[in-house]
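Computed from heavy atoms alone, side chains included, the values below leave out hydrogens, waters and symmetry copies.
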Amino acid sequence: MSFSSPNPYEAPAFGHVPAALAAEDARATFVQRTYMHLFGAILLFVAIEAAVFTLVPVETLDGLMRMISGSRFGWLAVMLGFLGVSWLANSWATSDASQSLQYVGLLLYVVAEAAIFVPLLYVANVVAPMAIPAAGLLTLIMFGGLTALVMITGSDLTSWGKYLWMAGLGTLGVIVCAILFNFELGVWFSGAMIVLASGYILYDTSNVLHRYRTEQYVAASLALFASVALLFWYILRLMISLRRD
């Protein structure tokens, strides 16, 4: 299972002039850089996963799956580790200390996402291998449509932050309970999480237009990547569940 996006649900008030109020050429450059970094992060994610499943022996992956699933606390440890790394990566990516630190934060988060996706992709490859490209394509289509909706309308959805934060906290609680009390999160949960991830994408895209400064493209791309990864996770999880049923 995946977890809520590490985005700062209440978008940080970065101060100064947001991209929405910047000069047209500066705003256009910021948006272009943001989505180029997002594209680069997705390519890096795909490259890491391809390397893992090409170079790591099947026996090693089998052992990893047994180690994680052997105890109900295996996933809990993975979840806590992922949340900790996500918080650190996001802190670095939004830091004004240095641009190098921002890139390290983005890189760290992509690597963390790639690592936590390995078990899910392993199961998908066994149960329904064609679900992986199908989920990827559907994720891109949904992301493109949601992005276009915000870009065309120019909607300011920054007020959604507190509601997404509460929804993310509730989701985290449900996941922890599922781990501790050993019950399965069914198809309904994946469907609800797809809706929630779509909300994150709308919110993050709105923040690109209305909240981030024009030099904050690394932080903006990390937020978008986190939401895209969340959407991909639960679309793939839903496809796997439907295939099993």
Side-chain angles (χ1 to χ4, degrees), residues 1-12 64-65 67-94 105 108-124 135 139 142-143 146 157-207 219 222-242 244-245:
M1 63 194 68
S2 188
F3 322 108
S4 53
S5 163
N7 308 357
Y9 300 115
E10 190 69 46
L64 175 65
M65 290 297 297
M67 181 179 66
I68 294 176
S69 59
S71 168
R72 71 176 62 180
F73 299 106
W75 264 117
L76 184 59
V78 170
M79 181 186 71
L80 293 176
F82 177 75
L83 290 176
V85 171
S86 298
W87 176 85
L88 181 62
N90 189 69
S91 297
W92 286 349
T94 56
L108 177 63
Y109 186 75
V110 173
V111 171
E113 280 283 10
I116 203 170
F117 260 87
V118 169
L120 180 66
L121 293 173
Y122 176 85
V123 172
T139 298
M142 289 183 64
F143 174 74
L146 293 168
L157 306 177
T158 54
S159 62
W160 286 19
K162 54 182 175 293
Y163 304 112
L164 291 172
W165 183 88
M166 289 187 289
L169 186 62
T171 298
L172 184 60
V174 171
I175 292 173
V176 171
C177 288
I179 294 172
L180 294 178
F181 300 107
N182 197 29
F183 64 83
E184 184 69 24
L185 295 174
V187 171
W188 66 270
F189 183 78
S190 294
M193 289 303 298
I194 290 171
V195 174
L196 182 60
S198 299
Y200 284 136
I201 291 172
L202 291 170
Y203 171 70
D204 292 329
T205 306
S206 175
N207 286 337
L222 186 150
L224 288 168
F225 176 76
S227 296
V228 171
L230 187 69
L231 180 62
F232 175 55
W233 177 285
Y234 281 103
I235 289 177
L236 181 57
R237 187 179 184 275
L238 178 61
M239 288 182 173
I240 293 173
S241 298
L242 293 175
R244 283 174 168 172
D245 295 341

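- Under the 4.5 Å side-chain criterion, counting only non-hydrogen atoms from C-beta, T94 is not in contact with L222.
- Residue A219 comes nearest to A93 through the heavy atom pair CB-O, 3.4 Å, listed as atom of the first residue, atom of the second, then distance.
- When side chains are defined from C-beta on, L169 counts as touching W165, because their heavy atoms get closer than 4.5 Å.
- For the pair W92 and W87, the minimum side-chain heavy-atom distance is 4.5 Å or more.
- Counting all heavy atoms, side chain and backbone alike, S86 lies closest to Y109 at OG-CE1, 3.4 Å.
- A donor-acceptor distance shorter than 3.5 angstrom exists from the side chain of S198 to the backbone of I194, with no hydrogens or angles considered.
- Taken from OG in S241 to OH in Y234, the straight-line distance is 11.0 Å, to the nearest 0.5 Å.
- Contact between A197 and S227 at its shortest, heavy atoms only, is CB-O, 4.3 Å.
- Here the OH-CG distance, from Y200 to L231, works out to 12.5 Å after rounding to the nearest 0.5 Å.
- By the side-chain contact (heavy atoms from CB on, under 4.5 Å) test, A135 pairs with F232, I235, L236, M239, sequence neighbours left out.
- For V195, there are no side-chain contact (heavy atoms from CB on, under 4.5 Å) partners at least two apart in sequence or on another chain.
- Partners of S190 under the side chain to side chain donor-acceptor pair (under 3.5 Å) rule, at least two apart in sequence or in another chain, are R237.
- Atoms CH2 and CG, on W233 and L238 in that order, are 14.0 Å from each other to the nearest 0.5 Å.
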Next item on the list: Walk me through it: do L120 and I240 pass the test side-chain contact (heavy atoms from CB on, under 4.5 Å)?
Entry: CA-CA 9 Å; L120 180 66; I240 293 173; 3.8 Å; yes
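- Put simply, OG on S206 and CD1 on I201 are 13.5 Å apart, with the number rounded to the nearest 0.5 Å.
- For the atom pair CG of L83 and CD1 of I116, the computed distance is 8.0 Å after rounding to the nearest 0.5 Å.
- You'll find the side chain of I175 reaches within 4.5 Å of the side chain of F189, heavy atoms only.
- Contact of the T205 side chain with the L146 side chain is not registered, since no non-hydrogen atoms from C-beta on lie closer than 4.5 Å.
- Residue F143 comes nearest to L224 through the heavy atom pair CE1-CD2, 4.3 Å, listed as atom of the first residue, atom of the second, then distance.
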